[in-house]
Amino acid sequence: MSANYRSVFDIIGPVMIGPSSSHTAGAVAIGRAANRIFHAEPTEVVIHYYESFAQTHQGHGTDYAIISGILGFAPDDSRVPDAITIAKKRGIKVTFIEEDGDSPINHPNTAIIELRNADREVTVSGCSIGGGTIEIREIKMDGFDIKPKGPLPILLMQGQADDHHAMSAKLEKLTSINSEATYHAGDGILYEYDLENRLKNQDLDDLAKEHSKLVYL
Amino acid sequence: MYMSVKELVKDSMDKQTPISELMIQQEMAKNKASREEVWSTMERNLDVMEAAVKRGSEGNGVFSKTGLTGGEAVLLKKYREKGHTLSGDLMMEAVQNAIATNEVNASMGVVCATPTAGSTGTLPGVIFVIKKRLNLDHDQMVRFLFTAGAFGMVIANNAGIAGATGGCQAEVGSASAMGAAAAVEMAGGNAEQSAEALAMAISNLLGLVCDPVAGLVELPCVKRNAIGAGNALISADMALAGLTNKIPADEVISAMDKIGKDLPKALRETGQGGLAATPTGVNMKMRIFGKTVDVGDEN
């Protein structure tokens, strides 16, 4: 079986601003994933909540948590509770929608985030599975419809077959690849790598030097 | 990676190595981290826990924005000072520390989620009183957290720790079990006794629903951590005395998972059932958010 919780610090941790690890710290994490995928400041953010997230987001501070993630804040950043005000000051239009139906990605703590600016639009579907740990189950970006199994870490790379062979070889030295998937959009190819362990910052920097279009979640 | 309590216990017994040490080794191997890195991260988490306990018990205490919770750790502290507690000072100190931590959490203060923020007071409730009771040094307290984390990982990977999927049993129940198992190791018990303590702690809280008033991590979450801490200490004592749960720990964890799946949605962190759906609970939500509770008829 694939384990979602792979570090003792998923259980003893994270250090965070209350009140909820799934609805606050996890929401920050989903927002941060969207931030890494969009890789720019959006002009508009629309967040769709489902099930428990739809019913209790207000009480848990999910709104400011998810926005602080989109702004790139860490879960224990003291600016977390003021994130919505900060976003509005920066001219970002923010909308929250409580959806009535079941989660399209089949989890009670689901948020689907749409981010857009003049150049680009992406959609990220994430769920918060408990204790601040999240899964990303769908990403729509640059014409690709990516459906990862869920557990992080995930590395996405746009490139050609040569890049893929080079990347696989490098990743195998750093960790094990639990699964791979390939997506096509027009002439473009995107490779998804589901990794067993988190990459160290230094290793990630080295990979980014040789492969420009990387997203690490 | 240890995926069952059985594997953890067997390795600990075969190698005559405490579970805290097995956890440290697994963490180093999986994340290619040094012992120093792993150890110091856990030390920082312990510091955060200690600071939250202190903050919630100082002065008049801390209060949430809604006013639903706060200041009650301080009431317990004053009550203890009179020396007439019914369940003994150690037990009430554990309760005070648990409540102090969750009051800090509800007031949007900084906590270390163990394993979740809703259940963040349970482990501090246990660790700081057994520190006094057993004269634990700093290193032993850090080890307590590694042992608790090892058992918590097994629970999380087999049953989950989210109230929205498993109810409060998955949060406070898991935290209580982690605390019980780790307390046994600190008191000199072996891994089998830790597993029994875990099994008893979860069994005692099976079926506990997640029914937060107004969807807030306040009522009844704060005081449920008092029960989590008390249950952990009682279960640890039972295991150290040689009592056994008869149903093995891994089967108990699996039962918790199945019960969580059987719980109706209204009792899984939607704020639509249980205490949240009482007239008083509904009024509180109206006052805070100006919204009625949709109690609905579907699960």
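Note that the structure is a prediction, hence the values are computed from the model and not measured. Chain A is the first sequence line, chain B the second, and so forth, proteins listed ahead of strands; every chain is numbered from 1.
Contacts of A:L199 with chain B are absent, with no heavy-atom separation under 4.5 Å from either backbone or side chain. Within the 4.5 angstrom heavy-atom criterion, atoms from both the backbone and the side chain of A:S20 approach chain B. Proximity to chain B is limited to the backbone of A:I129, based on heavy atoms less than 4.5 angstrom apart. Proximity to chain A is limited to the side chain of B:E27, based on heavy atoms less than 4.5 angstrom apart. With a 4.5 Å cut-off on non-hydrogen atoms, B:K65 does not touch chain A at all.
By the 4.0 Å N-to-carboxylate-O rule, A:D206 lies close enough to A:K209 to be salt-bridged with it. Salt-bridge check for B:K261 with B:D257: passed, with a basic side-chain N closer than 4.0 Å to an acidic carboxylate O. Salt bridge present: B:K265 and A:D102 bring a charged side-chain N and a carboxylate O closer than 4.0 Å.
For chain A, the option among B:Q26, B:M1, B:M42 with the highest count of heavy-atom pairs below 4.5 Å is B:M42. Chain A forms more heavy-atom pairs under 4.5 Å with one residue of B:I161, B:I24, B:V48 than with any other, namely B:I161. Across B:N31, B:T66, B:V213, B:I155, the residue that shares the most heavy-atom pairs under 4.5 angstrom with chain A is B:N31. Ranking B:V104, B:N102, B:L46, B:V110 against chain A, the residue ahead of the rest is B:V110, based on heavy-atom pairs under 4.5 Å. Comparing A:V80, A:N197, A:I11, A:T24 by heavy-atom pairs within less than 4.5 Å of chain B, the highest count is held by A:I11. No other option in A:S78, A:P19, A:G130 has as many heavy-atom pairs under 4.5 Å with chain B as A:P19. Ranked by heavy-atom pairs under 4.5 Å with chain A, the first of B:K32, B:M23, B:M153 is B:M153.
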Distance-only donor-acceptor hits, side chain of residues 120-127 of chain B, under 3.5 Å, sequence neighbours excluded:
{"residue": "B:T120", "atom": "OG1", "partner": "B:C112", "partner atom": "O", "Å": "2.7"}
{"residue": "B:T122", "atom": "OG1", "partner": "B:N225", "partner atom": "OD1", "Å": "2.7"}

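The aromatic rings of A:H164 and A:Y193 lie parallel to each other, their planes meeting at an angle below 30°, with 60° marking the opposite boundary.
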Checking A:E172 against A:K170 for the salt bridge (Lys or Arg N to Asp or Glu O under 4.0 Å) test, could you report, in this order, the C-alpha distance in whole Å, the side-chain angles of both residues, the deciding distance, and whether it holds? CA-CA 5 Å; A:E172 290 287 5; A:K170 284 175 197 156; over 6 Å; no
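With rounding to the nearest 0.5 Å, the separation of OG1 in B:T101 from CZ in B:F128 is 7.5 Å.
Between the side chains of A:Q158 and A:H211, not a single donor N or O lies within less than 3.5 Å of an accepting N or O.
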